[in-house]
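Notes for the one structure printed next.
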Amino acid sequence: MKNAMKIGIIMLLAVLTGVSFAGVSVSNFTISKASYQPGDVGIATITIANPVGTPRVTGLAMTIRNPKEVTVSGSSTLSDIESGGVAVVSIPFKISTDAKPGIYLLNVDFTGFSQQSGSGTQISTTNTASLPIIVVHSPIISLATDKPVIGGIDSVVLTVINNGGAARDLRVSTSGSVGLYGSDEVYIGNLTSSVNLSVTLDARNASDGPLDVPFTFTYNDELGNPHRDTATLRVTVKNEVLDLRFNQLSPLITGKDGNLTLQVLDNGGDLSDVRISFVNSSLRLRDFSEIKIGDLAAGQSATVSALVHNDLAPGLNLVDSRITWTEKDVRKEQEMSIPISIDSDADVGVYLEAKPSPLEAGQETTVSVLVSNVGSYGIDNVDVGLGSPDFQSLDVTPRQYIGSLAKDDFSTVQFKVLPQSAGTYPISVNVIYRDASGDWVNRTITQTATVSAVPSGDGGTMYAVLGVVVIAAAALWFFRFRKKG
């Protein structure tokens, strides 16, 4: 938006330059393209006019002041312009092959002579036009994949290739009969060469056979201008004969036993004695070798549950499974991928230390909070807050940022507080982080702390009394015993 405003202001100034002067004036200009790449050629067209009622302009010449990135050509001598006359000047130019992205101003001076009314004196008149030429190395994005044949819910590796200028804040989405499974788009960020993306495609609604899958890329170019481009990926769709949909109804936590509850929907024909077993050793049935679903009529769904143990990573996993069923008295078998979502076992431990210790009311104290990652996977964006009904915070902000913590890793942050009064009080440590599945976790751990009372001051009083006694004894010795001597 800022770049667009900047370009608009420059173009407005270019048009307004010299409009109010007598003699030749610039009334309009055009650039053959909105933007150019290094090595491109273009034409700048300028319309100049001699206002009605002004003398004829003779000896009209054009001087071009061009940046080194823009090479111009053309005649510098122009024809005379009568009063009320108009002339159009074309300036061919070429962008150098090593030009960097930016906005380059092509300054054109028009100088001529007009006879001053009544005196016959020739006066010189000059007007200048500044033409903005935008140079940008446009991204050139294409696609490739490691799997030309897809079917059902399929994991593929997409290679996004950029053979042009940098694409910033690049996002990829798709539409039509083949879509991204579980998300609307994939965020890439800045792309200058190529990147491999592991994505899951849903081709269950696509017809079998060759298909051009459209992918949409939204990004900003090197000057911040927004773009929206489309590329197609040629694949062959080969859906499974068995048309079953699986919907997970119960959560599972990585590395732990749990009940897996699945809703199974039959979008195909009638099936008998349907059973599921898992090929992936990272998901294992605890009590049986397979899950028995039973008979499924076309369009019918069934819900089954089984105790499983999983060693799957947090997030969405496509688990290889084997489906067996009877169809028209024939026992059949097919392998399918079942989408299983796994929650992270991410958790944190918190340990507190105060200096000086013990805590005393009215004494500034630094509380160190050690946060430890006790889960199986790393956590990110760790942010820590400290609060207590008795503590007055002496920091600018009541929260401290840690960042990422790997498994079994820990980090310490400090808070400066001022205990207000003696007693035992709760201390709440709030830890916010993002686990390996991408979910945000807000964890509050409460501990207690004992605040001691401020020293009563009796010792100070005692020392004061002792001081008075010493002074009185010295005075008695001086005035009585020494005087007698």
Query raised in the report: Would you say the side-chain atoms of T232 pair up with the backbone N or O of V213, donor to acceptor, closer than 3.5 Å?
Result: no
Query raised in the report: Would you say S321's side chain and M336's backbone share a donor-acceptor pair under 3.5 angstrom?
Result: yes
**Report entry** Donor-acceptor contact below 3.5 Å, side chain N317 vs main chain A313
**Finding:** yes
Report summary line: Shortest non-hydrogen pair, Y433 vs A346, comes out as OH-O, 3.3 Å
Requested in this report: Go through the steps for N220 and H227 under the test side chain to side chain donor-acceptor pair (under 3.5 Å), then give the verdict.
Outcome: CA-CA 6 Å; N220 296 327; H227 294 266; over 6 Å; no
Query raised in the report: Under 4.5 Å between any side-chain heavy atoms of S368 and T412, yes or no?
Result: yes
Query raised in the report: Distance from F215 atom CZ to L143 atom CG, nearest 0.5 Å?
Result: 6.0 Å
Report summary line: In terms of heavy-atom contacts, Q400 and Q414 come closest through NE2-O, 3.5 Å
Query raised in the report: So, the side chain of D345 versus the backbone of S376: is there a donor-acceptor pair under 3.5 Å, distance only?
Result: yes
Query raised in the report: Under the 3.5 angstrom rule, does the side chain of S250 hit a backbone N or O of N259 as a donor-acceptor pair?
Result: yes
Report summary line: Partner of L405 under side-chain contact (heavy atoms from CB on, under 4.5 Å), picked from I379, V348, V374, is I379
**Report entry** Trace of the side chain to side chain contact (heavy atoms under 4.5 Å, CB included) decision for T450 with L359
**Finding:** CA-CA 7 Å; T450 300; L359 299 172; over 6 Å; no
Report task. Output, in order, the C-alpha distance, side-chain angles, deciding distance and verdict of salt bridge (charged side-chain N to carboxylate O under 4.0 Å, His left out) for K292 and D273. Result -> CA-CA 7 Å; K292 296 180 180 180; D273 193 18; over 6 Å; no
Query raised in the report: Just how far is it from atom CG of L260 to atom CD1 of I291, taken to the nearest 0.5 Å?
Result: 5.5 Å
Query raised in the report: D146 side chain to V157 main-chain N or O, any donor-acceptor pair under 3.5 Å?
Result: yes
Query - Step-by-step salt bridge (charged side-chain N to carboxylate O under 4.0 Å, His left out) determination, D154 to K147 - result: CA-CA 9 Å; D154 218 341; K147 190 178 290 186; 3.0 Å; yes
Query raised in the report: What do you reckon, is CZ of F246 surrounded by more than 12 foreign heavy atoms closer than 6.0 Å?
Result: yes
Report task. Check the angle between the aromatic planes of F93 and Y36 and answer parallel, tilted or perpendicular using the 30° and 60° thresholds. Result -> perpendicular
Query raised in the report: Under 4.5 Å between any side-chain heavy atoms of R65 and T128, yes or no?
Result: yes
Report task. List the atom of A166, the atom of E222, and the distance in Å for their closest heavy-atom pair. Result -> N-OE2, 3.7 Å
**Report entry** Any donor-acceptor pair under 3.5 Å from T448 side chain to Y425 backbone
**Finding:** no
Query raised in the report: Any ion pair linking R234 and D212 (charged N to carboxylate O, less than 4.0 Å)?
Result: yes
Report task. Of all the heavy-atom pairs spanning K33 and D40, show the shortest one and how long it is. Result -> NZ-OD2, 3.2 Å
Query - Check: L131 main-chain N/O paired with N107 side-chain donor or acceptor under 3.5 Å - result: no
Query raised in the report: From L252 CG over to T261 OG1, what is the distance, rounded to the nearest 0.5 angstrom?
Result: 8.5 Å
Query raised in the report: Does a sphere of radius 6.0 Å around CG in N442 hold more than 12 heavy atoms from other residues, nucleotides or ligands, not counting ones at 6.0 Å or beyond?
Result: yes
**Report entry** Of D257, D287, L285, the residue whose pairing with V308 passes side-chain contact (heavy atoms from CB on, under 4.5 Å)
**Finding:** L285
Report task. Scan D169, N162, L170 and name whichever one has a side-chain contact (heavy atoms from CB on, under 4.5 Å) with I188. Result -> L170
Query - Side-chain donor or acceptor of N373 paired with backbone N/O of A406 under 3.5 Å - result: yes
Requested in this report: Taking atom types as modelled, find out whether D390 and S421 have a side-chain donor-acceptor pair closer than 3.5 angstrom.
Outcome: yes
Query raised in the report: Going from CG on L244 to CD1 on I323, what distance comes out if it is rounded to the nearest 0.5 angstrom?
Result: 6.5 Å
Report summary line: Here the gap from R399 atom CZ to N430 atom CG, rounded to the nearest 0.5 Å, amounts to 4.5 Å
**Report entry** N205 versus S177, side-chain donor and acceptor atoms under 3.5 Å
**Finding:** no
Query - Intermediate values then yes/no, side chain to side chain contact (heavy atoms under 4.5 Å, CB included), T145 and L233 - result: CA-CA 8 Å; T145 181; L233 182 66; 4.0 Å; yes
**Report entry** From L262 atom CG to I338 atom CD1, the distance as rounded to the nearest 0.5 Å
**Finding:** 6.0 Å
Requested in this report: Taking all non-hydrogen atoms of both residues into account, name the closest pair between L318 and S337 and its distance.
Outcome: CB-CB, 4.1 Å
Report task. Flag yes if more than 12 heavy atoms outside F288 fall under 6.0 Å of its CZ atom; otherwise flag no. Result -> no
Query raised in the report: Within a radius of less than 6.0 Å around NZ of K100, do more than 12 heavy atoms belonging to other residues, nucleotides or ligands occur?
Result: no
Query raised in the report: Between the side chains of D229 and Y219, does any donor sit under 3.5 Å from an acceptor?
Result: yes
Report task. Answer yes if the side chains of D380 and S404 hold a donor-acceptor pair under 3.5 Å, and no otherwise. Result -> yes
Query raised in the report: Between T254 (side chain) and L312 (backbone), is there a donor-acceptor pair under 3.5 Å?
Result: yes
Query raised in the report: Are S96 and D98 linked by a side-chain donor-acceptor pair shorter than 3.5 Å?
Result: yes
Requested in this report: Check whether any side-chain heavy atom of D266 lies under 4.5 Å from a side-chain heavy atom of L271, and answer yes or no.
Outcome: yes
Query - Residue K416 excluded, over 12 heavy atoms near NZ under 6.0 Å - result: no
Query raised in the report: Quick one: are L201 and L180 in side-chain contact, heavy atoms under 4.5 Å?
Result: yes
**Report entry** Nearest non-hydrogen partners of P356 and E364, listed with the distance
**Finding:** CD-O, 3.8 Å
